[in-house]
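Note that this is a predicted model, so its numbers are computed, not measured.
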Amino acid sequence: MRQTWPIMVEKKGTLVIVELALLLLLPLLSGALDIVKAREIAARYNVTCILVFGDSSVDSGNNNFIVTTIKSNFLPYGKDFFNGRPTGRFSNGRLATDFIADAIGYTKTIPPFLDPNLKLEDLPHGASFASAASGYDDFTANISSVLSLPRQLEYLMHYKVKLRKLVGQKRAEDIIRTALFVMSMGTNDFLQDYYLDPTRPKQFTVEEYQNYLVSCMANAIQKMQRLGGTRLVVVGVPPLGCMPLVKTIMDVTTCAENYNKVAFSLNSKIQEKLETISATSRMETAFVDAYGIIQNAINNPALYGLSETSKGCCGTGTIEFGDSCRGLETCTDPEKYVFWDAVHPTEKMYKILAEEAIKALAQKLLV
């Protein structure tokens with residue numbers, strides 16, 4: 001089995017981005033949660049702000065406030081969230097970015113920027129601009145009428161305007177400069193775009209499309225830099241072929257290797273581009289290898305206290321996600337499941353992702 005490092009660190013100033021990546025993931029540990037350490041790191045590098053871009057893996061509810069069918073603001077989503085309240089998060093509980101904010105100590109959740117009830121005084125601690133069903137490719141977002149990556153970055157500009165009014169221009173610039181940017185997307189570019197819509201396959205081979213997605217990512221990172229960002233964590237694409245929905249569509253009982261190869265290859269290209277960006281700019285970057293960690297959990301579930309890796313917790317667990325999961329019965333113990341629905345992980349799986357990433361990071365630093 002290929003050994004991969006869940007966090008790849010680039011460029012000079014390695015310690016800074018390593019500790020920031022550690023900060024990103026520490027709050028999710030299923031065991032002892034070192035909040036003191038997380039807050040120490042946050043204070044040392046003046047990190048009070050988390051700015052989030054991506055798809056359903058990090059959308060805390062922005063899609064609730066736009067005209068799209070891609071929503072999850074209904075049960076059973078959120079049944080393990082505070083007071084069992086659905087918020088638009090595509091999971092049974094909180095997302096990784098919520099745990100980040102909790103560990104830093106300012107708020108227990110990262111709010112969606114489009115929430116009309118968002119309080120101005122909460123802005124300095126971060127916001128999510130992510131939109132479920134979005135991708136690096138604008139066309140992916142257009143298919144589902146959700147927020148494209150350029151549109152998410154436009155909202156970052158709106159965020160900066162509000163922040164200036166609240167704390168002044170200099171403080172606003174400092175907050176953006178010391179913020180931890182998190183970007184997590186790429187899944188929908190294949191599952192909802194390339195493999196379902198005929199447009200992109202007519203224009204690109206699979207490899208050409210991967211290169212196109214990486215170029216879109218690079219353009220977005222340049223825009224983040226122009227807006228003042230200096231620290232970025234990119235979460236890689238998970239093993240697409242292991243999603244219950246994909247296995248159902250492909251009529252296989254094990255992970256669909258052709259889909260996994262595409263995801264693995266895309267991740268390699270993303271890592272290469274991040275190396276170039278880190279070497280030629282002031283943007284410090286870290287890469288989280290979600291692919292390797294999820295695949296290992298699926299192959300060795302007992303190691304993580306898991307028992308169900310082939311289907312989701314909602315409904316039959318083989319086809320339901322989003323609106324088709326609305327109001328359905330769920331499994332009795334989501335803690336035993338890798339997947340919450342036929343596409344998205346459980347809160348437990350997010351914890352496992354972080355725990356394994358930190359273990360590998362520690363091994364890498366000690367060698």
Side-chain angles (χ1 to χ4, degrees), residues 50-73 77 87-91 95-98 110-115 126-159 181-197 199-200 204 209-210 212-224 227 229 232-238 240 243 245-246 262-263 266-267 270 273 288 290 321-323 340-345 350:
I50 311 295
L51 300 174
V52 184
F53 307 83
D55 55 21
S56 57
S57 61
V58 287
D59 180 1
S60 55
N62 282 309
N63 278 17
N64 297 348
F65 310 105
I66 62 176
V67 181
T68 180
T69 59
I70 311 300
K71 300 179 187 291
S72 62
N73 54 345
Y77 290 102
T87 61
R89 290 168 172 82
F90 283 76
S91 187
L95 304 175
T97 42
D98 296 316
I110 290 289
F113 182 69
L114 296 187
D115 186 348
S128 174
F129 308 93
S131 182
S134 190
Y136 290 115
D137 184 356
D138 292 1
F139 186 71
T140 301
N142 294 341
I143 291 172
S144 300
S145 300
V146 299
L147 305 179
S148 65
L149 184 51
R151 184 62 172 153
Q152 293 179 31
L153 290 168
E154 285 181 26
Y155 280 120
L156 174 60
M157 290 189 283
H158 296 172
Y159 170 87
F181 284 63
V182 180
M183 187 156 57
S184 176
M185 57 176 60
T187 296
N188 299 304
D189 290 309
F190 280 97
L191 295 190
Q192 294 190 187
D193 186 342
Y194 196 87
Y195 289 139
L196 284 183
D197 190 282
T199 304
R200 289 311 193 204
F204 303 104
Y209 189 55
Q210 291 171 333
Y212 175 70
L213 295 178
V214 171
S215 70
C216 292
M217 179 196 74
N219 289 338
I221 293 174
Q222 287 182 343
K223 185 65 175 292
M224 290 175 183
L227 291 172
L232 172 67
V233 173
V234 176
V235 180
V237 179
L240 304 179
M243 292 179 175
L245 178 64
V246 172
V262 168
L266 175 59
N267 284 334
I270 288 173
K273 179 57 70 172
V288 178
F321 71 100
D323 197 59
W340 169 244
D341 58 21
V343 173
H344 303 96
Y350 284 124

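- With Asn188 contributing its side chain and Ala141 its backbone, the two residues share no donor-acceptor pair below 3.5 Å.
- Although no hydrogens or angles enter the test, the distance criterion places no donor-acceptor pair under 3.5 Å between the side chain of Ser128 and the main chain of Pro111.
- Rounded to the nearest 0.5 angstrom, Ile110 CD1 and Ile50 CD1 are separated by 6.0 Å.
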Legend entry - Verdict with supporting geometry, Ser131 and Ile66, side-chain contact (heavy atoms from CB on, under 4.5 Å): CA-CA 10 Å; Ser131 182; Ile66 62 176; 4.0 Å; yes
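- Between Met157 and Lys223, some side-chain heavy-atom pair lies under the 4.5 Å cut-off.
- Here the closest non-hydrogen pair linking Phe65 and Pro112 is CE1-CG, 4.3 Å.
- Counting all heavy atoms, side chain and backbone alike, Ser144 lies closest to Gln192 at OG-NE2, 3.4 Å.
- Taking the side chain as every heavy atom from C-beta outward, Tyr194 and Asp137 never approach each other to under 4.5 Å.
- In this structure, Tyr77 contributes its side chain and Gly322 its backbone to a donor-acceptor pair below 3.5 Å.
- Between the side chain of Asn62 and the main chain of Phe113, a donor-acceptor pair closer than 3.5 Å is present.
- Here Ser60 contributes atom OG and Phe90 contributes atom CZ; the two are 12.0 Å apart, rounded to the nearest 0.5 Å.
- When side chains are defined from C-beta on, Phe190 does not count as touching Arg200, because their heavy atoms never get closer than 4.5 Å.
- With Lys71 contributing its side chain and Ala132 its backbone, the two residues share no donor-acceptor pair below 3.5 Å.
- A heavy-atom distance below 4.5 Å is found between the side chains of Val214 and Leu266.
- Among all heavy-atom pairs drawn from Ser134 and Gly54, the shortest one is CB-O, 3.9 Å.
- At distances below 3.5 Å, not a single donor-acceptor pair connects side-chain atoms of Asp55 with backbone N or O atoms of Gly135.
- Expressed to the nearest 0.5 Å, how far CG of Asp138 lies from CG of Asp189 amounts to 9.5 Å.
- The distance from atom CG of Asp59 to atom OG of Ser72, rounded to the nearest 0.5 Å, is 7.5 Å.
- The heavy-atom pair separating Thr87 from Asn64 by the smallest distance is O-ND2, 2.7 Å.
- At least one donor-acceptor pair under 3.5 Å links the side chain of Gln152 to the backbone N or O of Leu147.
- Considering only heavy atoms from C-beta on, Asn63 comes within 4.5 Å of Val146 through its side chain.
- Asp193 has its side chain within reach of Tyr209: a pair of non-hydrogen atoms, C-beta onward, lies under 4.5 Å apart.
- In this structure, Tyr212 has its ring center under 6.0 Å from that of Phe204.
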Legend entry - Derivation and outcome, side chain to side chain donor-acceptor pair (under 3.5 Å), residues Ser91 and Arg89: CA-CA 6 Å; Ser91 187; Arg89 290 168 172 82; over 6 Å; no
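- Side-chain contact between Ile221 and Met183 is present, with at least one heavy-atom pair separated by less than 4.5 Å.
- The distance from the CG atom of Leu240 to the CG atom of Leu245 is 11.0 Å, given to the nearest 0.5 Å.
- Looking at Leu191 and Leu196, their side chains never come closer than 4.5 Å, going by heavy atoms from C-beta outward.
- The CE atom of Met224 lies 6.0 Å from the CG atom of Leu149; values are rounded to the nearest 0.5 Å.
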